[in-house]
Amino acid sequence: MNTKRRRIGWLILLLPLYAACSATYLGASGRLSGNDWRTASREPVGLAPDPAVTPEAVVQVYAARTISWRGYFGVHTWIAVKRSGADEFTVHEVIGYRLRRNGTAVVSRVRPPDGRWFGAEPELLKDVRGPGVDALIERIETAVQNYPYADTYRIWPGPNSNTFTAFVLRDVPELRVDLPPTAIGKDYLGLMPVGLTPSGTGGQVSVLGVAGVAAGWEEGVELNLLGLTFGVDPLSLSLKLPLLGRIGPSDHEPVIIE
């Protein structure tokens, strides 16, 4: 009993310490969004290819820290597509405030795929190119149209922007995207408690995105508790933690699909 109490005592002590250290690191890293969303930069950061010199089809998936204090906990994700020969990218994403204005939270528009998200620098999660990508874009756009929560938006536990991205990715498992542990809402499956992981390479059980477990070839093993994800990915030797996100090597070189 005393040993158990000591462990709980250490846990109570370490959690606030971890949160404080993580918040300090994120605040100094420059990865967070600007304080004033009206003047925050939306400029591209050079992660996307120039369509003028990139004739092949391209799909890219991005994540960036969300606006204000929420950026300490979570990211916003989106999918950018460019068909063969197209001279611009179309970005598919969910934006909460657009729901009140347009009656749908789903936004598909032409914009720089690697643009800062209200000042926050985006991270490239996947880059897929090649002659076989046009067929994937067809399926991506069909999944965007079939997203079942277009008229609903909740920051936590979902459905939100990460729920949308995960939904589309499940329909196109060839992309094999491992969404970051800070993509709160990616595990929201609605009333259905069982489904595929976002990468489509494994399975998960989730109770309305509040609690659950997942295991997949791309994701490794994850535990979701109150929207916070803890996990380990043996394939890439990575840890997955709340606030800090994924810790480990990453490889975002373009994948060619014939």
Side-chain angles (χ1 to χ4, degrees), residues 59 61-63 66 70 73-79 92-94 96 99 104-106 125-126 128 135-248 255 257:
V59 173
V61 183
Y62 288 92
T66 56
R70 295 188 295 273
F73 296 93
V75 297
H76 169 76
T77 56
W78 62 91
I79 301 174
H92 302 290
E93 59 195 326
V94 154
L99 177 59
T104 176
V106 177
L125 303 178
K126 200 73 174 187
V128 177
L136 298 185
I137 293 175
E138 290 282 353
R139 290 163 54 196
I140 287 171
E141 294 181 344
T142 297
V144 169
Q145 295 173 3
N146 292 336
Y147 178 60
Y149 310 114
D151 61 350
T152 306
Y153 183 88
R154 286 190 296 268
I155 294 175
W156 180 88
N160 56 28
S161 64
N162 300 317
T163 310
F164 166 78
T165 302
F167 174 85
V168 175
L169 294 178
R170 288 186 181 98
D171 272 15
V172 194
E174 291 89 343
L175 296 175
R176 298 175 70 95
V177 179
D178 178 15
L179 290 178
T182 46
I184 296 172
K186 69 182 178 66
D187 299 314
Y188 183 87
L189 301 175
L191 297 178
M192 179 66 69
V194 179
L196 294 175
T197 59
S199 73
T201 63
Q204 66 181 121
V205 177
S206 180
V207 181
L208 298 175
V210 176
V213 294
W217 184 256
E218 293 293 334
E219 287 88 357
V221 179
E222 296 181 354
L223 169 66
N224 170 28
L225 183 61
L226 300 179
L228 303 176
T229 296
F230 304 82
V232 59
D233 180 4
L235 188 64
S236 64
L237 302 178
S238 300
L239 289 177
K240 299 182 173 186
L241 299 171
L243 282 78
L244 290 179
R246 184 177 180 273
I247 301 174
V255 175
I257 295 182

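On a predicted model such as this, the values are computed, not experimentally measured, just so you know. Both backbone and side-chain heavy atoms feed into the values below; hydrogens, waters and symmetry mates do not.
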Quick one, [X] and [Y] - any side-chain contact, counting heavy atoms below 4.5 Å?
{"X": "Val59", "Y": "Val172", "result": "no"}
{"X": "Leu226", "Y": "Val210", "result": "yes"}
{"X": "Pro242", "Y": "Phe73", "result": "no"}
{"X": "Phe167", "Y": "Pro159", "result": "no"}
{"X": "Leu169", "Y": "Ile79", "result": "yes"}
{"X": "Arg246", "Y": "Asp178", "result": "yes"}
{"X": "Val177", "Y": "Thr165", "result": "no"}
{"X": "Pro173", "Y": "Leu196", "result": "no"}

Rounded to the nearest 0.5 Å, how far does [atom2] of [Y] lie from [atom1] of [X]?
{"X": "Leu223", "Y": "Thr229", "atom1": "CG", "atom2": "OG1", "answer": "8.0 Å"}
{"X": "Ile155", "Y": "Arg70", "atom1": "CD1", "atom2": "CZ", "answer": "4.5 Å"}
{"X": "Ile140", "Y": "Asp171", "atom1": "CD1", "atom2": "CG", "answer": "10.0 Å"}
{"X": "Ser161", "Y": "His92", "atom1": "OG", "atom2": "NE2", "answer": "15.0 Å"}
{"X": "Leu228", "Y": "Leu243", "atom1": "CG", "atom2": "CG", "answer": "7.5 Å"}

Legend entry - Aromatic ring pairing Tyr149/Tyr188, orientation class (parallel under 30°, perpendicular over 60°, tilted between): perpendicular

Any idea which heavy atoms bring [X] and [Y] closest together, and the distance?
{"X": "Asn224", "Y": "Ser206", "result": "ND2-OG, 4.5 Å"}
{"X": "Arg176", "Y": "Trp217", "result": "NH2-CD1, 2.8 Å"}
{"X": "Leu125", "Y": "Ala63", "result": "CD1-CB, 3.9 Å"}
{"X": "Val128", "Y": "Lys126", "result": "CG2-CG, 3.8 Å"}
{"X": "Val106", "Y": "Ala150", "result": "CG2-CB, 3.9 Å"}
{"X": "Gly195", "Y": "Leu189", "result": "N-CD1, 3.8 Å"}

Inset, instruction - Go through the steps to decide whether Val61 and Trp78 satisfy the test side-chain contact (heavy atoms from CB on, under 4.5 Å), and finish with yes or no. - result: CA-CA 6 Å; Val61 183; Trp78 62 91; over 6 Å; no

Inset, instruction - Could you please spell out the steps behind the side-chain contact (heavy atoms from CB on, under 4.5 Å) verdict for Thr163 and Val94? - result: CA-CA 9 Å; Thr163 310; Val94 154; over 6 Å; no

Inset, instruction - Determine, step by step, whether Leu136 and Glu174 satisfy the side-chain contact (heavy atoms from CB on, under 4.5 Å) criterion, reporting the C-alpha distance in whole Å, the side-chain angles of both residues, the deciding distance to 0.1 Å, and the verdict. - result: CA-CA 8 Å; Leu136 298 185; Glu174 291 89 343; 4.1 Å; yes

Inset, instruction - Go through Lys186 and Glu222 one step at a time and tell me if the salt bridge (charged side-chain N to carboxylate O under 4.0 Å, His left out) criterion holds. - result: CA-CA 12 Å; Lys186 69 182 178 66; Glu222 296 181 354; 2.8 Å; yes

Legend entry - Polar side-chain atom of Asp233 near backbone of Lys240 as donor-acceptor pair, under 3.5 Å: no

Legend entry - Whether Gln204 side chain and Gly212 backbone form a donor-acceptor pair below 3.5 Å: no

Legend entry - Pair Asn162-Thr77, side-chain donor/acceptor within less than 3.5 Å: yes

Legend entry - Polar side chain donor-acceptor pair, Thr201 to Glu218, under 3.5 angstrom: no

